[in-house]
Amino acid sequence: MTRTRADWQAIADSLSPRTQAFIDGKFVDAVEGQTTTSISPATGQSLATLAECTAADVDLAVKAARRSFESGVWSRASADTRKATLSKLSALIMDNLDELAVTDSLDMGKLVTDAHTIDVPGSAMILQFYAEAIDKLNGEIPVTPPGNIALVQRVPLGVVGAVIPWNYPLEMAIWKLAPALAAGNSVVLKPAEQSPLSALRLAELAAEAGLPDGVLNVVPGRGETVGRAIGEHPDVDVLTFTGSTEVGKMFMSYSGASNLKQVWLECGGKSANLVFADIDNLNEAAEFAARAIFFNQGEVCSANSRLLVQREIADEFVAAVVAQAKNITVGHPFDPAANMGPLVDRRHTDRVEEYLKQGVALGSVAAGGRRLTIEGSDCYIEPTVITNLAADSAPAKEEIFGPVLAVIPFDTEDEAIALAHNSEYALAASLWTGNLSRAHRVAERLHVGTVSVNTVDALGVTTPFGGFKGSGFGRDLSLHAFDKFTGLKTTWIRY
Ligand code: NAD
């Protein structure tokens, strides 16, 4: 069934967002009583007035998490119980698909149809994956001297602090919560200040699914207060973060200055898409190249924001990408005709606009290049393609986190690889070629977390996702995510 804008609006009008922190199984006001307003970037209008927490709330949440962890109500619950509870939560997410999709769309501007077909079903599926994995994580019995046996088990680590960004509000929460909870930890989650609403609703659904009080706490608030308080808290055992490299570095400092909590970072990117002249299908590759930067308004950590194209096909290829960009309709995220919505907020749009200005000054704008005002909101940016940029110029090198593609031609394979590596980040790369040997040769040399060959931004629940260098070192998704949320414990028995 294709919904009209009026259909989505009717769902939005029926919502009553949760606006308090969720601590120890209850919605509560911030201790200091402060509130803040959540604004929809699609219209600039207020969505909700919600609790703005501080370190005092974080402390209550950590205490609740610690109590629940020590009580064993979840950490020592049977695998069957944990599996049933998380499976129920997965089902509840799908039962509330419309509400969660509309909530994320309103809160941060993504197309409601993407939230409805990708973010929310993806979140339910990932949760189910980890629920199913709980009783398949086995320990080891290593070789020991005769008369001895050693049992090596994966044990939960205790209280997990999770600090997440706004680009996939529900999904980022689930990427962290699903393996952390499946492993038996208790969690204090801080959603991004731009997009807190779905995480609060998720906490309520988790309680409905039977997750015991205190096992999942959600503390909305600002990064410098709530995020920092979680990072510095002496009773948080593990910190899992997705966000900018700049803030990721702060979490390493917070840990060093407090209790040496484990820190896992999934940070920014400036991923390259390498297109060789021997591609099988130029138009298909161009379509993917456009999708890889314009999907979700370019607010994707692994967005292919640098297009490296072999010089002999550069003009033709760029023309095909530009045609794709010009076909994109920017509009309200409920509008079925829109292919791109607004950026998350004015501050971020200002930042992206600054890069547009630099792009205009330093290169040639082949498509887009302007900020738009739609329905009273100026958070919209045209899908933009910039050519003739020096590889070391800011728009070609820095993470813009918006719909801005920098095009850089190359001549040889070695040059393409050197350009791809000319970045502080190493999250992902894509490469397009019709030559199997080249595909393997180049993929092997690209030092990034994920190489997509003849596709872009390949990612799935079964494969680890994360980067090297300034993109961090944690791995979300796959069974490897359990490495973050469990520790190896040896019990040695002499008999
Ligand atoms: P951000 O770093 O500004 O914020 C991320 C989170 O950190 C938010 O919850 C924020 O409140 C908190 N925070 C901000 N300042 C803080 C501080 N001083 N102390 C503690 N916490 C603080 O990032 P963002 O703008 O929300 O998200 C965009 C960034 O996230 C991009 O760099 C993007 O590449 C990255 N990202 C990475 C991945 C990945 O898996 N590698 C996925 C999505 C987004």
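Only a predicted model underlies this, so the values are computations on that prediction, with no experimental measurement involved. No hydrogens, no waters, no symmetry mates; every other heavy atom, side chains included, goes into these values. Atoms within each ligand, like the ligands themselves, are counted from 1 in listed order.
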Part of [X] with heavy atoms under 4.0 Å of ligand 1, whether side chain, backbone, both or neither:
{"X": "Asn167", "result": "side chain"}
{"X": "Met250", "result": "side chain"}
{"X": "Ser302", "result": "neither"}
{"X": "Thr242", "result": "both"}

Numbered atoms of ligand 1 (with element) below 4.0 Å of [X], judged on heavy atoms:
{"X": "Phe251", "result": "20 (C), 21 (N)"}
{"X": "Gly223", "result": "11 (O), 12 (C), 13 (N), 14 (C), 15 (N), 16 (C), 17 (C), 19 (N), 20 (C), 21 (N), 22 (C)"}
{"X": "Tyr254", "result": "17 (C), 18 (N), 19 (N), 20 (C)"}
{"X": "Val163", "result": "6 (C), 7 (O), 9 (O), 12 (C)"}
{"X": "Phe241", "result": "2 (O), 5 (C), 6 (C), 7 (O)"}
{"X": "Cys267", "result": "34 (O), 37 (C), 38 (C), 39 (C), 41 (N)"}
{"X": "Gly227", "result": "20 (C), 21 (N)"}

So for ligand 1, is [X] a polar contact partner (N or O within less than 3.5 Å, distance only)?
{"X": "Glu193", "result": "yes"}
{"X": "Trp166", "result": "yes"}
{"X": "Trp175", "result": "no"}

Sub-4.0 Å protein heavy atom near atom 30 (O) of ligand 1 |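 There is a protein heavy atom less than 4.0 Å from atom 30 (O) of ligand 1.
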What is the closest protein heavy atom to [atom], and at what distance does it sit?
{"atom": "atom 40 (O) of ligand 1", "value": "Phe465 CE2, 3.3 Å"}
{"atom": "atom 28 (C) of ligand 1", "value": "Phe401 CE2, 3.4 Å"}
{"atom": "atom 34 (O) of ligand 1", "value": "Glu399 OE2, 2.6 Å"}
{"atom": "atom 27 (O) of ligand 1", "value": "Pro165 CB, 3.4 Å"}
{"atom": "atom 3 (O) of ligand 1", "value": "Ser244 OG, 4.0 Å"}
{"atom": "atom 15 (N) of ligand 1", "value": "Val247 CG2, 3.6 Å"}
{"atom": "atom 39 (C) of ligand 1", "value": "Cys301 SG, 3.2 Å"}
{"atom": "atom 9 (O) of ligand 1", "value": "Ile164 O, 2.7 Å"}

So, [X] versus [Y]: side-chain donor-acceptor pair below 3.5 Å or not?
{"X": "Asp107", "Y": "Ser38", "value": "yes"}
{"X": "Ser377", "Y": "Thr43", "value": "no"}
{"X": "Glu399", "Y": "Ser305", "value": "no"}
{"X": "Ser271", "Y": "Asn304", "value": "no"}

In Å and rounded to the nearest 0.5 Å, what is the CD to OG1 distance from Glu266 to Thr245?
->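 These two atoms lie 11.5 Å from each other.
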In Å, rounded to the nearest 0.5 Å, how long is the span from CG of Leu157 to OG of Ser186?
->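 It is 12.0 Å, given to the nearest 0.5 Å.
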Return yes when [X] approaches ligand 1 closer than 4.0 angstrom through a heavy atom, no otherwise.
{"X": "Ser471", "result": "no"}
{"X": "Tyr168", "result": "no"}
{"X": "Gly231", "result": "no"}

Is the backbone of Asp235 close enough, under 3.5 Å, to the side chain of Arg66 for a donor and an acceptor to pair up by distance?
->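 It does hold such a pair.
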Could you report the tightest heavy-atom contact between [X] and [Y], atom names first, then the distance?
{"X": "Cys267", "Y": "Cys301", "result": "O-CB, 4.1 Å"}
{"X": "Pro395", "Y": "Ile400", "result": "O-CD1, 3.7 Å"}
{"X": "Ala303", "Y": "Ile293", "result": "CB-CD1, 4.2 Å"}

Considering residues at least two apart in sequence or located in another chain, which fulfil the side chain to side chain contact (heavy atoms under 4.5 Å, CB included) criterion with Glu299?
->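 For Glu299, the residues satisfying side chain to side chain contact (heavy atoms under 4.5 Å, CB included) (neighbours in sequence not counted) are Met108, Trp166, Asn167, Asn296, Gln297, Leu343, Val344, His348, Phe401.
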Kindly assign one of parallel, tilted or perpendicular to the pair Phe334 and Trp8, based on the angle between their ring planes and the thresholds 30° and 60°.
->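 Phe334 vs Trp8 ring planes: tilted.
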Do Lys110's NZ or CZ and the ring of Tyr168 fall within the cation-pi criteria of under 6.0 Å and 45°?
->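 Cation-pi check for Lys110 and Tyr168: passes.
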Got a sec, which residues hit salt bridge (charged side-chain N to carboxylate O under 4.0 Å, His left out) with Glu232, two or more places apart in sequence or on another chain?
->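 Counting only residues at least two positions away or on another chain, Glu232 forms a salt bridge (charged side-chain N to carboxylate O under 4.0 Å, His left out) with Arg228.
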So which of Val188, Val187, Val62 actually passes side-chain contact (heavy atoms from CB on, under 4.5 Å) with Val236?
->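 Single pass found, and it is Val62.
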